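Structure first, commentary second.
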Amino acid sequence: MTLTLTTAGESHGPALVAIVSGLPAGLRLDRDAIAADLRRRRQGYGRSPRQKLEEDEVAVLAGLRHGLTLGTPLALLVGNRDHANWEWGMSPWPMEGEATGKGTTPVTLPRPGHADLAGALKFGHDDVRNALERASARQTAVHVAAGAVAKALLAEIGIEVAGRVLEIGGADTESGWRKATDAARADRDTLGGVVEVVATGAPPGLGSYADRADRLDARLAAALMGIQAVKGVEIGDGFALARMHGSQAHDEIEPGLRRATNRAGGIEGGVTNGEPVVLRAAMKPLPTLMRPLRSVDLATGEPGEALVERSDVQAVEALAVVAEAAVGWELAQAAREKFGGDALVDFVGAHAAYLERIAWPRTP
Ligand code: EPS
């Protein structure tokens, strides 16, 4: 049994959609819990005024009846309220009459650091907007909605996932983040940062070493790296392990098969080992600068300044929520592969039977 996610939607188009397939029937979803994650994603000190406009309410269009999954594809929709200002510019169909609102003038000055240039060249777009709308981190809204569903499934087998900010703009305290964000905003600049995600309660044995693509660390790293603006991922002590001796780097096995340290971040050989799964992701400074970098006009070939449009100063707090959703998603997928089941009771029963076979947790 595999869990799959398909998403669509442009940042200023009518809506974002997601289809989640492979959920067991009988999983209870909590509307408030999904809404709470979406609210958390919108918050953050450096966010664009856009976040005050969007409400990110999730409409469920299929796969759910009276709060319980049907075992059929779950269809989710998050509307873009801002689309009202882009109705002409982002209309799916040709518009008649005079162009009004935003997005009516072609974008031809790609932003360094964004998908603008590569996207326009790759897909043959004369208007860079045709690339940037989908490349935008706006789409993380439906990833968070899907992640909330994945976390509901994980909760049924005692797995919890939580993301938090470690650093913003090099500062590691909340007041430092705010100061750094204020300074960057005043300077018309942007910031990046580092987030950490910890998942507890995963039994040993999720993922596999059988092949490169089966390794859970590889899948988690790909999921985090797939989030907009993420440029680095670390599992456990990651890069610091490279500078240690083997005698210091590994987590000795104690009675009860537990570890006193967790430098491996809960994964050995691409498989969970029963310790908390710990990951960190590094986000680069956002590429939309109010003090634009040098670029080249794709229409004229002349040097110019990159596109300036309303954007975030930093979105590291949002990344913590999006990364949590991504890790939840990958763990739920690995759990579906391992425990299967068409009905939730089958899934939960297979998990319980497995814990019994490996006698987990063990008393030392
Ligand atoms: C984004 C730019 C900003 C962010 C957006 C992601 O959008 P806008 O230009 O409309 O202000 O607000 O994020 C969201 C809309 C969101 O919901 O997270 C970008 O270029 O990636």
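Each ligand, and each atom within it, is numbered from 1 in the order the structure gives. The structure displayed is predicted, hence computed values, not measured ones.
In terms of protein heavy-atom proximity, atom 7 (O) of ligand 1 is closest to Arg50 NH1, 3.9 Å. Protein heavy atom nearest atom 15 (C) of ligand 1, with residue, atom name and distance: Arg138 CD, 3.2 Å. The single protein non-hydrogen atom nearest to atom 1 (C) of ligand 1 is Ser136 OG, 3.7 Å, given as residue, atom name and distance. For atom 21 (O) of ligand 1, the nearest protein heavy atom (residue, atom name, distance) is Ala137 N, 2.8 Å.
Neither the backbone nor the side chain of Asp56 comes within contact range of ligand 1; no heavy atom lies under 4.0 Å. By the criterion of a heavy-atom distance under 4.0 Å, the side chain of Gln51, and not its backbone, is placed next to ligand 1. Under 4.0 angstrom from ligand 1, the non-hydrogen atoms of Ser48 all belong to its side chain. Neither the backbone nor the side chain of Gln228 has any atom closer than 4.0 Å to an atom of ligand 1 (non-hydrogen atoms only). If you look at Arg42 next to ligand 1, there are no close heavy atoms at all, none under 4.0 Å. Heavy atoms of Arg310 found under 4.0 angstrom from ligand 1 belong to the backbone as well as the side chain.
The side chain to side chain donor-acceptor pair (under 3.5 Å) test with Asp56 is passed by exactly one of Arg81, Arg39, Arg41: Arg41. Exactly one residue among Glu54, Glu10, His12, Arg138 makes a side chain to side chain donor-acceptor pair (under 3.5 Å) with Asn80. That residue is Arg138.
When Ala229, Ala115, Pro287, Ser311 are checked for heavy-atom proximity to atom 2 (C) of ligand 1, Ser311 turns out nearest. Checking Leu16, Thr140, Val322, Asp312 against atom 4 (C) of ligand 1, the nearest heavy atom belongs to Asp312. Closest to atom 17 (O) of ligand 1 by heavy atom, among Arg47, Arg111, Glu54, Arg41, is Arg41.
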Before giving the answer on side chain to side chain donor-acceptor pair (under 3.5 Å), spell out for Arg215 and Ser208 the whole-Å C-alpha distance, their side-chain angles and the decisive distance to 0.1 Å. CA-CA 5 Å; Arg215 288 179 178 259; Ser208 176; over 6 Å; no
Audit row: Arg178, Thr173, side chain to side chain donor-acceptor pair (under 3.5 Å) steps and yes/no: CA-CA 9 Å; Arg178 284 177 181 245; Thr173 62; over 6 Å; no
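Counting atoms of ligand 1 from 1 in the listed order, those under 4.0 Å from a heavy atom of His114 are 20 (O). Of all atoms in ligand 1, numbered sequentially from 1 with element shown, those under 4.0 Å from a heavy atom of His12 are 8 (P), 10 (O).
Checking Asn130 against Asp127 by side-chain atom types alone, no donor-acceptor pair falls below 3.5 Å.
Remark: Arg259 engages Glu268 in a salt bridge, criterion side-chain N to carboxylate O under 4.0 Å. At a threshold of 4.0 Å, the pair Glu57-Arg31 does not count as salt-bridged, since none of the basic side-chain nitrogens sits closer than that to a carboxylate oxygen. With respect to the salt-bridge test (charged N to carboxylate O, under 4.0 angstrom), the residues Arg258 and Glu254 do not qualify.
Between the side chain of Ser48 and the backbone N or O of Arg310, no donor-acceptor pair lies under 3.5 Å.
The other residues sharing a hydrophobic cluster with Leu298 are Val107, Leu117, Leu121, Val128, Leu132, Leu307, where clustering joins ILVMFWY side chains under 4.5 Å apart.
The N/O atoms of Glu309, backbone and side chain alike, include none that comes under 3.5 Å of an N/O atom in ligand 1.
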